[in-house]
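Remarks on the structure that follows.
Because the structure is a prediction, the values reported are computed rather than measured.
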Amino acid sequence: MERHYMDSKIKGVSTGVSNVNYVCSKTINKLIQVHDRIFCCIAGSLADAQAVTKTAKFQISLHSIQMESPPLVKAAASVMKELCYNNKEELQAGFITAGWDKKKGPQVYTVALGGMLLSLPFTIGGSGSTYIYGYTDAKYKPDMSREECLQFATNALALAMGRDNVSGGVAHLVVITEGGVEHVVIPGDKLPKFHDE
């Protein structure tokens with residue numbers, strides 16, 4: 001797989017230190033639409049995530065054309081898994097693939113570094129996730145309403161962003177249902193506060 005890098009990479013900057021994390025933007029949308037009702041949430045190297053999602057979009061679209069029907073969410077997650085597994089020595093990115101299809105309705109899959117694929121009722125990932133396992137385990141419940149889901153996700157993101165300085169500053173959410181896709185953006189100053197920041 002070919003590696004693609006951002007056009008806006010920093011030139012002529014030397015820190016004198018290797019393995020330095022640099023956050024270019026805390027407002028980037030980490031939700032990538034790979035098909036009509038299937039999205040990937042990215043974590044890790046942006047360049048790696050862009051390369052994988054670009055390739056996945058192509059393969060998923062081709063699959064949809066060949067099958068003459070929209071792809072299953074599991075099929076899209078499997079494409080992500082294969083790309084990550086086949087390039088596990090090169091990639092530093094993880095993915096959450098979620099969506100809706102006619103066969104199984106709403107679904108969530110995680111594709112970890114190295115290409116492991118798991119189907120879960122919910123999942124979290126990225127550097128901020130280590131701060132919110134307790135919250136998500138305590139507050140998740142099956143069959144939440146749309147409003148409950150949005151509040152659950154918003155609170156989880158706000159908690160992660162409040163503790164992890166590389167988790168971002170804007171909550172980008174997407175609601176995926178049989179009826180379509182709804183994008184919700186919550187600016188950082190509108191996110192709930194849980195402690196002094």
Side-chain angles (χ1 to χ4, degrees), residues 1-9 18-26 28-67 69-101 103-133 136-137 140 153 156-157 160-161 164 166-168 171-174 176 181:
M1 178 163 93
E2 176 182 357
R3 292 181 74 134
H4 299 274
Y5 293 93
M6 295 187 311
D7 293 331
S8 60
K9 64 183 170 181
S18 62
N19 297 324
V20 174
N21 288 329
Y22 180 78
V23 179
C24 291
S25 173
K26 293 189 80 151
I28 189 168
N29 184 358
K30 296 180 181 180
L31 297 172
I32 310 297
Q33 189 170 16
V34 294
H35 207 270
D36 295 342
R37 287 189 175 82
I38 303 171
F39 283 74
C40 288
C41 182
I42 61 175
S45 165
L46 180 59
D48 290 350
Q50 287 175 330
V52 171
T53 54
K54 182 178 180 180
T55 304
K57 279 183 187 183
F58 173 78
Q59 289 185 11
I60 293 164
S61 292
L62 182 61
H63 173 75
S64 179
I65 291 167
Q66 291 171 334
M67 299 302 292
S69 67
L72 299 176
V73 179
K74 186 175 184 175
S78 294
V79 167
M80 300 296 293
K81 175 196 74 116
E82 287 299 315
L83 290 169
C84 290
Y85 180 78
N86 291 337
N87 297 281
K88 65 181 173 262
E89 300 299 324
E90 306 295 325
L91 296 175
Q92 289 296 314
F95 302 88
I96 296 170
T97 303
W100 187 95
D101 64 45
K103 184 174 182 180
K104 292 180 86 176
Q107 298 150 73
V108 177
Y109 296 88
T110 186
V111 180
L113 289 172
M116 180 178 69
L117 176 67
L118 295 171
S119 173
L120 301 163
F122 78 94
T123 188
I124 58 177
S127 61
S129 66
T130 57
Y131 299 102
I132 61 171
Y133 278 103
T136 56
D137 286 345
Y140 172 79
L157 289 168
M161 287 184 244
D164 181 36
V166 296
S167 279
H172 293 271
L173 306 169
V174 65
I176 310 165
V181 173

What pairs with I60 under side-chain contact (heavy atoms from CB on, under 4.5 Å), at least two apart in sequence or on another chain? V34, H35, A56, P71, A76, V79
Listed partners of T136 passing side-chain contact (heavy atoms from CB on, under 4.5 Å), at least two apart: F122, I124, I132, F152, A156
Less than 4.5 Å apart, side chain to side chain, heavy atoms only: is that true for [X] and [Y]?
X: L46; Y: I28; result: yes
X: K57; Y: I32; result: yes
X: I38; Y: T97; result: yes
X: I42; Y: F95; result: yes
X: D101; Y: R37; result: no

Taking all heavy atoms of [X] and all of [Y], pick out the closest pair and write down the distance.
X: G114; Y: Y85; result: O-CD1, 3.3 Å
X: A75; Y: H63; result: CB-NE2, 4.1 Å
X: A171; Y: L157; result: CB-CD1, 3.9 Å
X: A98; Y: V108; result: CB-CG2, 4.1 Å
X: H172; Y: L31; result: O-CD1, 3.1 Å
X: S127; Y: S167; result: OG-OG, 4.0 Å

Partner set under ring-ring contact (aromatic ring centres under 6.0 Å, His included) for Y131, not counting sequence neighbours: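 Y131 satisfies ring-ring contact (aromatic ring centres under 6.0 Å, His included) with no other residue.
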For Y133, I'd like to know if atom OH has over 12 heavy atoms of other residues, nucleotides or ligands within 6.0 Å. yes
I'd like to know if the side chain of [X] reaches the main chain of [Y], judged simply by a donor and an acceptor atom lying under 3.5 Å from each other, with no hydrogens or angles considered.
X: S61; Y: F58; value: no
X: Q59; Y: L62; value: no
X: D164; Y: A160; value: no
X: S119; Y: Y109; value: no

In Å and rounded to the nearest 0.5 Å, what is the [atom1] to [atom2] distance from [X] to [Y]?
X: D48; Y: L83; atom1: CG; atom2: CG; result: 12.0 Å
X: I176; Y: Q107; atom1: CD1; atom2: CD; result: 10.5 Å
X: L113; Y: Q92; atom1: CG; atom2: CD; result: 6.0 Å
X: Q50; Y: K54; atom1: CD; atom2: NZ; result: 9.5 Å
X: T55; Y: M80; atom1: OG1; atom2: CE; result: 9.5 Å
X: C40; Y: K30; atom1: SG; atom2: NZ; result: 14.5 Å

Run the side chain to side chain contact (heavy atoms under 4.5 Å, CB included) test on D36 and V181 for me, step by step, so that the C-alpha distance in whole Å, both residues' side-chain angles and the decisive distance to 0.1 Å come before the verdict. CA-CA 8 Å; D36 295 342; V181 173; over 6 Å; no
